[in-house]
Amino acid sequence: MSQDLRFRFAPSPTGVLHIGGARTALYNWLAARGSGGKLVLRIEDTDRERSTPENVEQIFDALRWLEFDWDEGPLSQAERADRHAARLAELLDSGAAYRDSATAEDVKAYKAEHGADAGYRGTPSDEPGAAVRLHVPDEGETVVEDLIHGPVAFPNRSQDDFVIARADGSVLYNFAVAVDDAEMGITDVVRGDDHLSNTPKQLLVLHALGAEIPRYAHLPLLHGPDGRKLSKRHGAASVQELRDQGYLPAAVRNYLALLGWGTTDDTTLLSTEELVERFRIEDVGRASAVFDEQKLRWINGRFMRELPLDEYVERVAAHLGREPDERLRAGCEIAQEKAQTLYELWPLIRFLLEPPVDDPKAWRRVMGEGTRPLLEAARDALAAADGFGAADVEAALEPLLARLDVKPGRLYQPIRVAITGTTVSPGIFESLVALGREESLARIGAAIARMGA
RNA sequence: GGCCCCGUGGUCUAACUGGCUAGGACGCCGGCCCUUCAAGCCGGAUAUUGCGGGUUCGAGUCCCGUCGGGGCCA
């Protein structure tokens, strides 16, 4: 078992953890856990505008919600900047990099002369306004040994002598990350496909630095149903939204894991332990995937139903921002089978915690002609019941069906509307029991009164 | 424009070094159950594995070409 593996995850600090980013984090985390390594989190600070402490904290929040653990990057922002400067000077001294004052036009002109597929090669200069470029060999190729794609070769002659630092000394992305990886001892880089063609540049920097090369795994990107990169327009696009909509972290982890990877034996529902045990980064597919919220909902429903009641109540209470009292617990007990998300549970148990809702449509549809005698009979029967357990309630109401010669729905739906205000609720007997005899009678009475003569 | 990646039913995927009547899941349709809505159970439709060649007794799996989608850089 190799120890001290460091997987890095570097979300951009916009405050939003996108689903694609969350999957990347998950794969990093699973791979790290599976190999005895650890996940190192480093926030990308390239976008100063949006890189506020609040935004960074929001990313951490989302990651914590997913129940990941990680180490913060071993180097502070300031330390990183120091290393960048030092390494840059090093490359300049050794001649691996050089100053060049060429403009974009100059590069274009170079290509016009040498061919479009010829990488730009500059001439060293001492001018003050010169940027720093890295020397790229003319011969051979730089190959990325990718765990998912296999070897991917990039011809060196087509690669520009790319800019690694601006004239003012500020470093560019491909140089900065390569230095960071080297300085932080990153052993495994698991990130999106969009970085695949950046990788040869980072390798070139690493080579010039004489640093160790990490293992790379480039994940396929996530797309929306329209085939374009997943974004806000496609509904839930961030982990924060998923959380707000009442999804369970374990279900989200399960679903995300399946978005680009599958088990050989066709298992769909996996606990996190199983995920850690079975996930292998090498088995991740190469094609981009489409986020399908319907499947997430299904998986979430399965996890919801399998949750122990105590934990279920806790999760629900947290989501609703309420105390987990007896009423709530009673509601959870009778509605756990029915909700796919925490969010969906509320309309089902609301009647226990608040007065019945006013739903004119439901009322009109169910409380038609001849309903009043049915409700009166139900009220009387419930009032006279021996006890008020589910069996007692059923024993009280069931005989009415034959006596009044009505189908079950004709009797039960009006009761349902009377006590909840809506046509959808948990089982009618359980609902009455959870509400209690007194309150049930009061609500049925109120409904009768509302119907008038 | 250059370089690179990808292409299995609507969606996510499985198929060790070529042998499978292309498997599973979500969704969809139908049925059962039934006090509503779900869930559950049963059954069904949907894939000439982007397309065209080639190698082979045999290709989703190998080779060539082509189309389409995407990424990075410019």
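We name chains A, B, ... by the order of the sequence lines, and we start the count at 1 in each one.
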By the 4.0 Å heavy-atom rule, please label A/Pro155 as base, sugar-phosphate, or nothing.
sugar-phosphate

Looking at every strand, decide which applies to A/Ser425 at a 4.0 Å heavy-atom threshold: base, sugar-phosphate, or nothing.
base

Check A/Arg278 against A/Leu270 and note the closest heavy-atom contact, atom names and distance.
CD-CD2, 4.0 Å

Which part of the nucleic acid, if any, lies within contact of A/Ala153, taking any heavy atom under 4.0 Å across all strands shown: a base, the sugar-phosphate backbone alone, or nothing?
sugar-phosphate

Taking any strand in view, what nucleotide pairs with B/rG68 in a Watson-Crick or G-U wobble way, both distances under 3.5 Å?
B/rC6

Which listed nucleotide (B/rC3, B/rU11, B/rU35) is nearest to the side chain of A/Asp292?
B/rU11

Test: A/Glu311 and A/Arg315 ion pair at under 4.0 Å
yes

Pick base, sugar-phosphate or nothing for A/Gly427, based on heavy-atom distances below 4.0 Å to the nucleic acid.
base

A/His195 vs B/rG71: side-chain N/O to OP1/OP2 distance below 4.0 Å
no

Taking every heavy atom of A/Ala130 against every heavy atom of A/Arg99, the minimum-distance pair comes out as O-NH1, 3.5 Å

CG of A/Asp117 versus C1' of B/rC3: gap in Å, rounded?
9 Å

Among B/rG71, B/rA25, B/rG1, the one nearest A/Trp298 by side-chain distance:
B/rA25

Can you tell me the pairing partner of B/rC32 across any strand shown, Watson-Crick or G-U wobble, with both distances under 3.5 angstrom?
B/rG40

Report which part of the nucleic acid A/Thr422 touches: base, sugar-phosphate, or nothing (heavy-atom distance under 4.0 Å, all strands).
nothing

Is there a side-chain contact between A/Ser288 and the phosphate of B/rG7, meaning an N or O under 4.0 Å from OP1 or OP2?
no

Nearest-Å distance, CG (A/Asp146) to C1' (B/rC6)?
13 Å

Would you mind classifying the nucleic acid contact of A/Phe162 as base, sugar-phosphate or nothing, using non-hydrogen atoms under 4.0 angstrom?
nothing

Mind checking if A/Thr423 touches a base, just sugar-phosphate, or nothing, with heavy atoms under 4.0 Å?
base

Nearest whole Å is fine: how far is B/rU35 P from A/Leu411 CG?
11 Å

Once you apply a heavy-atom cut-off of 4.0 Å, does A/Lys407 come out as touching a base, just sugar-phosphate, or nothing?
nothing

Measure the distance from CG on A/Asp194 to P on B/rC3 and round it to the nearest whole Å.
21 Å

Determine: side-chain N/O of A/Arg416 to OP1/OP2 of B/rU36, distance under 4.0 Å, yes or no.
no

Is there a side-chain contact between A/Arg302 and the phosphate of B/rG40, meaning an N or O under 4.0 Å from OP1 or OP2?
yes

